[in-house]
Amino acid sequence: MAASTLQRSRAFKEAERLFLLSSHEQIISTMETQVSNGPTGNSLPNGPVVSTNGSTDDSKTNLIVNYLPQNMTQEEFKSLFGSIGEIESCKLVRDKITGTVPAATTGISAGQSLGYGFVNYVDPNDADKAINTLNGLKLQTKTIKVSYARPSSASIRDANLYVSGLPKTMSQKEMEQLFSQYGRIITSRILVDQVTGISRGVGFIRFDKRNEAEEAIKGLNGQKPLGAAEPITVKFANNPSQKTGQALLTQLYQTAARRYTGPLHHQTQRFRLDNILNMSYGTKSSPSLLPRFSPITIDSMTSLAGVNLTGPSGAGWCIFVYNLSPEADESVLWQLFGPFGAVTNVKVIRDFTTNKCKGFGFVTMTNYDEAAMAIASLNGYRLGDRVLQVSFKTSKQHKA
DNA sequence: TCCAATT
């Protein structure tokens with residue numbers, strides 16, 4: 001007991017050192033919950049795997065760690081899990097694409113972490129200890145998951161499903177019940193609105209085997225769950241390692257942008273964002289993109305009188321940008337809106353199969369005045385051979 | 001041509 005307490009203390013200190021966690025108390029309370037509830041979230045087999053070829057059986061020592069913070073490095077990963085016991089090997093899984101953006105630009109090294117990794121301990125007792133100690137640990141915004149890794153094999157690859165159209169009332173457990181008839185579920189998740197916590201009707205199911213996932217698609221895609229009004233869509237999920245360079249760039253920009261929000265003053269933040277862009281392009285914003293005042297300002301102002309603005313959510317003011325070209329990317333939105341003030345987020349909406357812009361995007365700005373000025377200036381702005389339509393985002397497609 | 005679901 002005393003030894004285990006000591007063990008935890010050591011691991012938490014390491015976590016604190018690495019990630020400057022807000023309070024020790026928070027970690028302890030998290031872990032107490034974890035310990036009393038036992039391992040959560042999946043039905044991974046913990047038993048030994050029969051080895052047919054006499055090779056080393058690492059089913060008791062090899063762990064998979066999920067939901068790691070994006071910016072955690074291999075060294076930090078090793079350091080955290082090494083605080084439990086001697087490691088035979090460990091690997092933070094990273095994207096294959098390298099060098100897309102200089103690390104100095106974003107502060108993020110190339111070969112973006114995919115958010116998971118493997119740790120193989122020398123002693124099975126340490127693997128067990130790592131699960132008990134670190135599973136459920138909160139690091140930054142993530143809650144890591146530590147569990148035994150399944151033996152690597154081709155049959156467990158591409159077994160992840162994306163589910164949409166779920167009834168908002170359906171719980172994760174109910175979703176698992178629906179899918180469990182097709183095989184062993186490794187993980188499941190329902191996405192929720194960050195503010196309200198209400199289900200977004202979208203989720204993921206990872207099966208143990210790919211063929212189980214295929215059967216689930218055949219059996220459930222287009223079907224209405226019992227008592228549901230609408231059919232659900234079930235398809236294979238996008239594989240993050242197959243992300244395009246463009247999507248990775250976007251992720252880098254957004255991650256970098258988030259780093260500058262919060263403690264910094266708006267004014268400072270604006271220049272930092274501009275700096276990111278300027279550095280990555282090696283130049284100031286191109287003259288053709290510099291905002292100018294447009295005669296079409298009245299229309300955007302009248303929309304302010306409308307009732308169905310999305311309004312200032314916790315994040316800021318959301319702006320709808322229409323008539324972007326299929327080749328438009330996030331950087332153009334940063335360049336267009338950044339000069340008007342604090343921009344916290346931009347997104348170009350793309351078709352999932354072609355990855356081309358669907359003609360519109362969104363920009364979130366912190367301050368109303370700056371957002372209104374950006375709209376007044378950029379609505380009607382000619383970008384290439386297109387005239388942009390810019391307004392506060394509304395909740396519906398049709399305005400009154 | 002007009003308002004985002006992909007951990």
Side-chain angles (χ1 to χ4, degrees), chain A residues 41-42 64-70 93 112-116 140-145 158-168 170 172 175-176 185-206 213 230 232-244 247-248 250-251 254-255 299-300 303 306 308-311 313 315 317-326 328 330 333 345-353 355-364 375 379-380 385-400:
Chain A
N42 71 70
I64 181 165
V65 184
N66 285 292
Y67 310 116
L68 291 165
Q70 274 302 314
V93 180
Q112 188 77 350
S113 164
L114 292 180
Y116 69 98
Q140 301 175 161
T141 62
K142 305 282 189 177
T143 302
I144 70 170
K145 178 184 164 190
D158 302 318
N160 198 24
L161 298 180
Y162 174 78
V163 188
S164 59
L166 292 165
K168 301 277 197 279
M170 184 178 273
Q172 179 184 346
M175 180 175 73
E176 282 202 9
I185 294 169
I186 299 303
T187 58
S188 74
R189 170 163 298 192
I190 288 179
L191 302 187
V192 297
D193 183 284
Q194 284 208 330
V195 178
T196 66
I198 295 170
S199 165
R200 295 161 81 181
V202 174
F204 293 89
I205 296 271
R206 181 181 292 279
E230 299 299 325
I232 61 174
T233 299
V234 184
K235 54 200 264 196
F236 283 108
N238 288 343
N239 188 336
S241 68
Q242 289 165 359
K243 259 187 192 169
T244 65
L248 280 166
T250 296
Q251 193 182 321
Q254 293 182 347
T255 307
D299 180 66
S300 67
S303 72
N308 51 0
L309 292 183
T310 305
S313 65
W317 297 87
C318 191
I319 298 167
F320 174 62
V321 185
Y322 182 72
N323 213 16
L324 296 168
S325 83
E330 272 70 12
L333 292 180
N345 189 48
V346 302
K347 186 165 178 85
V348 167
I349 305 307
R350 294 184 170 85
D351 183 282
F352 278 124
T353 52
N355 212 35
K356 295 280 188 189
C357 173
K358 288 164 86 169
F360 61 96
F362 297 93
V363 173
T364 305
I375 290 169
N379 184 39
D385 55 356
R386 293 161 173 269
V387 177
L388 297 184
Q389 293 174 35
V390 183
S391 64
F392 282 109
K393 180 185 184 301
T394 60
S395 53
K396 296 264 177 157
Q397 183 176 338
H398 295 292
K399 281 183 281 195

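Naming: A, B, ... by sequence-line order, numbering from 1 per chain.
Side-chain contact of Ser188(A) with Gln172(A): a donor-acceptor pair under 3.5 Å is present, judged by distance alone.
Rounded to whole Å, the distance from CZ on Phe360(A) to P on dA4(B) is 6 Å. The nearest whole Å value for the distance from the CG atom in Leu324(A) to the P atom in dA4(B) is 14 Å. Put simply, CG on Leu191(A) is 12 Å from P on dA5(B), counting in whole angstrom units. Spacing between atom NZ of Lys358(A) and atom P of dA5(B) amounts to 5 Å, rounded to whole angstrom units. Between the C1' atom of dA4(B) and the CG atom of Leu333(A) lies a distance of 13 Å, rounded to the nearest Å. Straight-line distance from the CG atom of Asp385(A) to the C1' atom of dT1(B): 14 Å, rounded to whole Å. In this structure, CG of Asn345(A) is placed 14 Å from C1' of dA5(B), rounded to the nearest angstrom. Between Asp351(A) atom CG and dA5(B) atom C1' the separation is 14 Å, expressed in whole Å.
Using a 4.0 Å heavy-atom distance criterion, Asn323(A) is classed as a base contact. Residue-level contact check: Lys142(A) touches neither bases nor backbone, having no heavy atom under 4.0 Å from any strand.
Under the stacking definition used here (centres under 5.5 Å, planes under 30°), the residue Phe362(A) qualifies as stacked on the base of dA4(B). Stacking is found between Phe204(A) and the pyrimidine-like six-membered ring of the dT7(B) base under the 5.5 Å centre-distance and 30° plane-angle cut-offs.
A donor N or O paired with an acceptor N or O is found under 3.5 Å between the base of dT7(B) and the side-chain atoms of Asn160(A). For Tyr322(A) and dT1(B), a side-chain-to-base donor-acceptor distance below 3.5 Å is present, hydrogens and geometry of angles not being considered.
The shortest distance between side-chain heavy atoms of Leu166(A) and Met175(A) falls below 4.5 Å.
Residues passing the side-chain contact (heavy atoms from CB on, under 4.5 Å) test with Thr141(A), sequence neighbours excluded: none. Evaluation of the ring pair (Phe, Tyr, Trp, His ring centres under 6.0 Å) rule for Tyr116(A) yields no partner, not counting sequence neighbours.
In this structure, the nucleotide among dA5(B), dT7(B), dA4(B) sitting nearest to the side chain of Arg200(A) is dA5(B). For Val202(A), whose side chain is taken as the heavy atoms from C-beta onward, the closest listed nucleotide among dT7(B), dA5(B), dA4(B) is dA5(B). Candidate nucleotides dA4(B), dA5(B), dC2(B) were compared by shortest atom distance to the side chain of Lys168(A), and dA5(B) ranks first.
Aromatic ring centres of Phe320(A) and Phe362(A): separated by under 6.0 Å.
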